[in-house]
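What follows is a short report on a single structure.
None of these values were measured; they are calculated from a predicted model. By convention here, the first residue in the shown sequence is residue 1.
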Amino acid sequence: MFAYVVMDGFDLGIGILFPTLKVGPERDAAMNSIAPVWDGNETWLVLGGGGLLAAFPLAYSIILPATYPLIIAMLLGLVFRGVAFEFRWRHAPHRPLWDAAFTIGSVVATLAQGIALGAILQGISVRSDAAAGGWTYAGGWLDRLSPFSLLTGASLLVGYALLGACWLVWKTEASGQAHARRMAFWLAIAMLVALAAVSAATPFLSYAYWRRWFAVPGVFVTAQVPLLVLVTAVLFFRSLARGGERLPFLLALGLFLLGFVGLGVSMYPYIVPQSLTIWQAAAPAQSQVFMLVGAAVIIPTILAYTGWAYWVFRGKVAAEGYH
C-alpha cells in the first residue's frame, strides 16, 4: 500500500491542485506530466486489495464490509479521473467539464482513502458468527464517520496535494514550476500540522496505542519517529529554498514513509485494530507459500516495467508533452 501511495499519490495530488493551475499551458503540462504513468500507478491498488484477500482473508472479510461505501466512492472517483484523462483532449468546448471531473474524482478518491484509514485505525466492531464461519463485521453504516476519520481524510488530501506540487516542481519549468514551488511550501506546513494533529489524536483512540508510544522503555525507540519527521521537514524546506527539483519530492515521500512507520507502531500486531492480530487473520501456510511464489515473479515484473516507463519519460514536460 505504501507503493500505491508513492506511485499514485502525486497524480491524485495534481488532480486536487488542478483548479489552482492556470487554464491552458499550466494545466496541460500538469496533465502531460502524469499521462504516461497514471494508469500503471493504480496497479498497486489492485495488487494491495488482492494481496489482502490472499494473505489475510479473515481481515479482508471484515475490513471490506466496514468500508464498502468508501471503497465504492473511491472507485467511482478513479473512474471519473480516467474518463477525464481521455476526453479532455478530444473536445475543447467541453474541457472545463472534464477538468472538473478530474478534480472531483481526485478529491473523492483521496478523501475515501483517508477516511477509510481513520475508520480502520479507530477500530472496527466485530462479532463471532458461527454461521458465517468466524468473525464478521458488526458495525453500522455510519461507524466509519467520526471526527478522527474525517481528520485523516483531510490530512491525506493535504498530503497528496503536497506530493502533486513537488512532482510539478520536478517535472515543469518557468512559471509553472514557480507556482508549484510556492504551493509546495504552504502545503508542507499544512501537512506537518495535519500530521501533528493525527499523531496527537491517535493515542486517545485506545490505551494500547498510548502504551506503544509512551510507555517506558519503548518510548525511547518511538520518539525517534517524530524526531526524524522534524529532520526531514527541515531538509525539505532547505532544499525547496535552494531551488531543488527532485529532492523536495523525495523528502515529501520520506514524510509519508515516516507516517506509515507511525501507523505500524500504533497498530502492530493487529491488522484489524483491537480485534484481530496478523497471525489470527493470516491465511494457511500453504496459501502463503503459493502467494509468495507468485509475488516473487509479479512484483519484480511490475517494478521493471514501471521503472522503464519513468525512465523513458524522465525529462521536463511542457504543454505539448515531454522534451
How far apart are the closest heavy atoms of Val5 and Leu163, and which atoms are they? O-CD1, 4.1 Å
Heavy-atom side-chain contact between Leu45 and Asp8 under 4.5 Å: no
I'd like to know if Lys316 and Glu245 make a salt bridge, using a cut-off of under 4.0 Å between side-chain N and carboxylate O. yes
Residue pair Ile34, Trp167: steps toward the side chain to side chain contact (heavy atoms under 4.5 Å, CB included) verdict: CA-CA 9 Å; Ile34 55 176; Trp167 176 260; 3.6 Å; yes
Going by heavy atoms in the side chains, are Thr202 and Phe148 under 4.5 Å from each other? yes
Test item: Glu86 side-chain N/O and Gly82 main-chain N/O as donor-acceptor pair under 3.5 Å: no
Report yes if the distance between the aromatic ring centroids of Phe10 and Phe249 is under 6.0 Å, otherwise no. yes
Donor-acceptor pair, side chain of Thr152 and main chain of Gly114, under 3.5 angstrom: yes
Around atom CZ of Phe85, are there more than 12 heavy atoms of other residues, nucleotides or ligands at under 6.0 Å? yes
So, do Asp11 and Val37 sit near enough that their side-chain heavy atoms are less than 4.5 Å apart? no
Do Phe185 and Phe237 have their ring centres less than 6.0 Å from each other? yes
Which heavy-atom pair separates Thr172 from Gly176 by the least distance, and what is that distance? OG1-C, 3.8 Å
Check whether any side-chain heavy atom of Met191 sits under 4.5 Å from a side-chain heavy atom of Ser155, and report yes or no. no
When you measure from the side chain of Arg181 to the backbone N and O of Leu240, does any donor-acceptor pair fall under 3.5 Å? yes
Would you indicate whether the side-chain heavy atoms of Ile271 and Leu58 approach each other to under 4.5 Å? no
Provide the closest heavy-atom pair for Leu255 versus Val229 in the form atom of the first, atom of the second, distance. CD2-O, 3.9 Å
If you count the non-hydrogen atoms of other residues, nucleotides and ligands that lie under 6.0 Å from OH in Tyr305, is the total more than 12? yes
For residues Ile278 and Tyr270, determine if any side-chain heavy atom of one lies less than 4.5 Å from a side-chain heavy atom of the other. no
Of Leu162, Val6, Leu156, the residue whose pairing with Phe256 passes side-chain contact (heavy atoms from CB on, under 4.5 Å): Leu156
Think Arg314 forms a cation-pi with Trp311, using NZ or CZ under 6.0 Å from the six-ring centre and within 45 degrees of its axis? yes
Strictly by modelled atom types, are Tyr4 and Gln113 linked by a side-chain donor-acceptor pair under 3.5 Å? yes
Report, as yes or no, whether the 6.0 Å neighbourhood of atom CH2 on Trp279 holds more than 12 heavy atoms from other residues, nucleotides or ligands. yes
Quick one: does any side-chain atom of Ser287 pair with a main-chain N or O of Ala283 as donor and acceptor, under 3.5 Å? no
Restricting to non-hydrogen atoms, name the atom on Val169 and the atom on Gly244 that form the minimum distance, rounded to 0.1 Å. CG1-O, 3.7 Å
Sub-4.5 Å side-chain heavy-atom contact between Ser106 and Tyr160: no
Any side-chain heavy-atom pair of Met7 and Thr306 under 4.5 Å: yes
Between Asp28 and Arg88, is there a side-chain N and carboxylate O pair less than 4.0 Å apart? yes
Measure from NZ or CZ of Arg27 to the centre of the six-membered ring of Phe18, then state whether that distance is under 6.0 Å and the direction lies within 45° of the axis. yes
Do you know the tightest heavy-atom contact between Gln122 and Ala119? CG-O, 3.3 Å
Just wondering, more than 12 heavy atoms not from Phe87 lying within 6.0 Å of its CZ? no
